Amino acid sequence: MTDTLVAIVDDHEVVREGMRAVADKTEGVDLVAASPTVSELLVALGRNPRDPKTADLGKVKRECDVVLLDLSLQDRSRPSENVELLRQAGIKVLIFSIGENPSLIREALKSGALGLVRKSEPLEHALEEAQNIANGKAVVTKELAAAIDGDHEFSRAALSPREQETLRLYASGFAQVQVARRMGIKQSAVKTNIDRIREKYARVGRPAPTKIDLRIRAIEDGLVDSMEDVKTAERYF
């Protein structure tokens, strides 16, 4: 199995070096960079800080799967800005924080962060959760749930019209190939839509790793009638 490529952004050197020491002893993890700011991390990864999708001039772009991101950095950068820069670079973001500020957590989550781990937890746990994020699994904590509960609008997954239609059909019992035929798109596009739907639900603390979970989310959000075609749908689960 390929190692998960992890980086950390934290303005305390002792935290960065501690993470490096733990990562060196952790199987399946490679800490590829550790920096005090997101801009410096992007440079360390050979990215152009103004256009993270591209390589910096004269440098080789290095890959990274997940960044552990502290929310309160000394450069006073906003969590939303940092998460957006990392997402533009194609990197998943896991909040790495003491979890004392729900508004900052919500800001990061709304911008695309996929979960939260507390600094008070062992560093091994943070790396384990980074692997989970890289593998598409949800990371849900009490602090994450509290931040979401404080913002009722945020609990909505904000699916696009195309994603809503995909979920409506898929959660009603149709196989991906049948959804593709009904929507007039390729099956690969249906799979991409479903992956994005799962990511959006995980981002707001409502993970849906299975088809049954997706049906539950669709019912909760009013996309599917809980009594509609239940017997037909059950054939496909």
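Computed from a predicted model, the values in this text were never measured in an experiment. As a basis for the values below, the full set of heavy atoms in this structure was taken, side chains included, without hydrogen atoms, waters or symmetry mates. For the single chain, residues carry numbers from 1 onward in sequence order.
Salt-bridge formation is detected for the pair Glu165/Arg168: a Lys NZ or Arg NE/NH1/NH2 atom is positioned less than 4.0 Å from an Asp or Glu carboxylate oxygen.
Residues satisfying the side chain to side chain contact (heavy atoms under 4.5 Å, CB included) criterion with Ser39, sequence neighbours excluded, are Thr37. Applying the side chain to side chain contact (heavy atoms under 4.5 Å, CB included) test to Gln164 and every residue at least two apart in sequence or in another chain returns Leu159, Leu223. Evaluation of the side chain to side chain contact (heavy atoms under 4.5 Å, CB included) rule for Leu5 yields Asp30, Val32, Glu63, Asp65 as partners, not counting sequence neighbours.
Hydrophobic clustering (ILVMFWY, side-chain heavy atoms < 4.5 Å, transitive): Leu116 and Leu69 are in distinct clusters. Hydrophobic clustering, with ILVMFWY side chains joined whenever heavy atoms are under 4.5 angstrom apart, groups Leu68 together with Leu31. Leu45 and Val60 fall into different hydrophobic clusters, where Ile, Leu, Val, Met, Phe, Trp and Tyr side chains are chained together by heavy-atom contacts under 4.5 Å. In the hydrophobic cluster analysis, where Ile, Leu, Val, Met, Phe, Trp and Tyr join through side-chain heavy atoms closer than 4.5 angstrom, Val67 is grouped apart from Ile133. Leu42 is not connected to Val66 by any chain of hydrophobic side-chain contacts under 4.5 Å among Ile, Leu, Val, Met, Phe, Trp and Tyr, and they are in different clusters.
Sorted by first and then second residue, the salt bridge (Lys or Arg N to Asp or Glu O under 4.0 Å) pairs involving residues 177-195 (not counting sequence neighbours) are Lys191-Asp195. Every pair tested for side chain to side chain donor-acceptor pair (under 3.5 Å) that includes a residue from residues 15-28 fails, sequence neighbours excluded, so the list is empty. Sorted by first then second residue, the salt bridge (Lys or Arg N to Asp or Glu O under 4.0 Å) pairs that include residues 67-82, not counting sequence neighbours, are Asp70-Lys119, Arg78-Glu107.
Of the residues listed (Leu41, Val38, Val43), the one engaging Pro49 in a side-chain contact (heavy atoms from CB on, under 4.5 Å) is Val43, and it is the only one. Among the candidates Leu71, Val93, Leu73, the single residue satisfying the side-chain contact (heavy atoms from CB on, under 4.5 Å) test with Pro79 is Leu71.
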Just do the side-chain contact (heavy atoms from CB on, under 4.5 Å) check on Asp10 and Met19 with the steps written out, would you?
CA-CA 10 Å; Asp10 192 291; Met19 187 67 74; over 6 Å; no
Do Ile194 and Arg198 pass the side-chain contact (heavy atoms from CB on, under 4.5 Å) test, and can you show the C-alpha distance, the side-chain angles, and the key distance before you say yes or no?
CA-CA 6 Å; Ile194 292 172; Arg198 285 196 166 110; 3.4 Å; yes
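Minimum interatomic distance between Ala89 and Arg47 (heavy atoms only, all atoms of both residues): O-NH1, 2.9 Å. Smallest separation of non-hydrogen atoms from Leu167 and Ala218: CG-CB, 3.9 Å.
Considering CG of Asn48 and NZ of Lys61, their distance stands at 11.0 Å, rounded to 0.5 Å.
Thr166 is not listed as a side-chain neighbour of Arg196, based on a closest heavy-atom distance of 4.5 Å or more. Counting heavy atoms from C-beta on, the side chains of Val190 and Phe174 never come closer than 4.5 Å. Annotation: side chain of Val15 is in contact with side chain of Phe96 (closest heavy-atom distance under 4.5 Å). Proximity of Val179 to Asn193: side-chain heavy atoms (C-beta onward) are nowhere separated by under 4.5 Å. Residues Val9 and Asn82 have side chains not in contact (no heavy-atom distance under 4.5 Å, counting atoms from C-beta outward).
For the pair Glu121 (side chain) and Arg118 (backbone), a donor-acceptor distance under 3.5 Å is absent.
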